Amino acid sequence: MPVSVTSGHTADSALAADPAQVAAARHAFSSPERVPLTAQEQAALAGHAEPPLRHEGLKLARWTFGQGPRVVFVHGWNSRGAHGLGFVAPLVEAGFSVTLFDLPGHGDSTGHVCSVVHAGRALRALLADAGTAHGVIGHSMGSAASLLAFAHGGAVTRSVHLAGPSSLTPMVKGLARAHGLGPADAAAFAGWVEGFIGTRIALVDLDRLQHGLVHPGLILHDPEDRTVPFAASEALHDAWPASQLERTAGLGHRRLLADAAVIARSVAFISQGRTA
């Protein structure tokens, strides 16, 4: 509740945001943009579609390649499953099957809204539907969604985390700052976020998720990433005794997905834990 001052204005009225700024922050948090498939991606996916996964009234598009223990790729915000195609052939050659899927409101999946919490629930549903999964490779929000899924019963043998945030609180605060919200509007925005995701923001922070990190993990991140700070991966590594943190160079936030060395390192790490 705003603090009153003698002038009759609230203490932070000078910092009050334009309603359009608040609306823009809400939209940025909840409403992803659909990225169309390229012709090359469409050709690569052809013949590999599975029946959509029915989840919370939505239909989640998914594709599976190869035979063997399953590895699931989880894409990031404003992305789609096809952006993990670079991992498919090396993983299949290593004896794995690979599932790509589009998160709610992304790609070919239905729905219009998403968040890391929605994404975590979707991944958990996919893992439950698959029965067993050997590994997960998550990029950006997909990495954070994986942490949430692991904390709520999603079990894998190994996972790879590419340039991902590790706690929701700094993400919400950063979004408020980016949209110029003053203290009162930032607090109201945080309250709106909690209503939207259906839980407290603090419950999606690393200290409330780390109990799910019981398997070996590989964390890859460029210290020069301008989208997700490298500190998020450092915090994840510090909280995860069975993890390895490795720095990439010159790849920023998205170029990891197409980098041959990142792909090879990820496949090698996933393969180390293979038992069948």
Side-chain angles (χ1 to χ4, degrees), residues 1-2 10-35 74-80 83 102-107 109 111-123 138-149 151 161-209 219 221-236 239 252-254 256:
M1 189 173 187
T10 60
D12 54 357
S13 60
L15 298 177
D18 185 291
Q21 291 174 285
V22 178
R26 292 180 177 184
H27 181 83
F29 184 85
S30 63
S31 303
E33 298 178 9
R34 290 189 190 272
V35 178
V74 194
H75 67 78
W77 188 255
N78 290 344
S79 185
R80 61 182 304 147
H83 292 172
D102 292 340
L103 291 168
H106 290 79
S109 291
H112 301 286
V113 298
C114 195
S115 73
V116 64
V117 174
H118 293 73
R121 293 200 304 261
L123 174 58
H139 173 245
S140 193
M141 183 187 70
S143 169
S146 302
L147 303 181
L148 191 60
H161 300 262
L162 307 173
S166 52
S167 288
L168 185 55
T169 293
M171 295 168 63
V172 172
K173 289 182 176 179
L175 199 56
R177 285 194 302 271
H179 286 82
L181 304 189
D185 288 309
F189 171 61
W192 175 87
V193 166
E194 292 190 330
F196 177 69
I197 65 176
T199 190
R200 291 170 50 211
I201 293 170
L203 296 181
V204 196
D205 286 345
L206 182 57
D207 62 341
R208 305 302 292 266
L209 303 178
I219 307 164
H221 204 154
D222 186 343
E224 301 303 317
D225 187 337
R226 296 182 179 181
T227 302
V228 175
F230 184 73
S233 286
E234 290 181 309
L236 178 58
H253 188 64
R254 293 184 179 271
L256 289 83

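Note that the coordinates shown come from a computational prediction; the quantities given were computed from them, not determined experimentally.
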Closest contact, heavy atoms only, [X] versus [Y]:
X	Y	value
Thr227	Asp225	N-OD1, 2.7 Å
Gly105	Pro32	O-CG, 3.4 Å
Gly107	Arg34	O-NH1, 2.8 Å
Ala28	His179	CB-CE1, 3.8 Å
Ala149	Gly120	CB-O, 3.9 Å
Gly164	Ala232	O-CB, 3.7 Å

Hey, can you pull the donor-acceptor pairs under 3.5 Å for the side chains in residues 192-199, sequence neighbours left out?
| residue | atom | partner | partner atom | Å |
| --- | --- | --- | --- | --- |
| Glu194 | OE2 | Ile201 | N | 2.8 |

[X]: partners by salt bridge (charged side-chain N to carboxylate O under 4.0 Å, His left out), with sequence neighbours left out:
X	answer
Arg121	Glu56
Glu234	Arg247
Asp102	Arg80

(request) Not counting sequence neighbours, which residues clear ring-ring contact (aromatic ring centres under 6.0 Å, His included) with His253? List them please. (result) His139
(message) Tell me every residue that passes ring-ring contact (aromatic ring centres under 6.0 Å, His included) with His106, counting only those two or more places apart in sequence or in another chain.
(response) His75, Trp77
By side chain to side chain contact (heavy atoms under 4.5 Å, CB included) - contacts of [X] (at least two apart):
X	answer
Ser143	His161
Ala202	Arg200, Asp205
Ala122	His55, Leu60, Phe101, Leu103, Pro104
Ala239	Leu206, Gln210

Are the side chains of [X] and [Y] in touch, meaning some heavy atoms are under 4.5 Å apart?
X	Y	result
Phe189	Val172	yes
Leu162	Ser140	no
Leu147	Leu236	yes

(request) Can you measure from CG (Leu209) to OG (Ser146) and round to the nearest 0.5 angstrom? (result) 11.5 Å
(message) Within this structure, what is the OG-CG distance for the pair Ser167 and Asp207, rounded to the nearest 0.5 Å?
(response) 6.5 Å
(message) So, applying side chain to side chain contact (heavy atoms under 4.5 Å, CB included) with Val228, which one of Pro165, Pro170, Ser166 is it?
(response) Pro165
(message) Could you go through Met141 and Cys114, starting from their C-alpha distance and side-chain angles, then the distance that decides it, and tell me whether this counts as side chain to side chain contact (heavy atoms under 4.5 Å, CB included)?
(response) CA-CA 11 Å; Met141 183 187 70; Cys114 195; 4.3 Å; yes
(request) Only counting residues at least two apart or in another chain, list the ones meeting side chain to side chain donor-acceptor pair (under 3.5 Å) with Ser79. (result) His83
(request) Please identify each residue that fulfils side chain to side chain donor-acceptor pair (under 3.5 Å) with Ser109, with sequence neighbours left out. (result) none
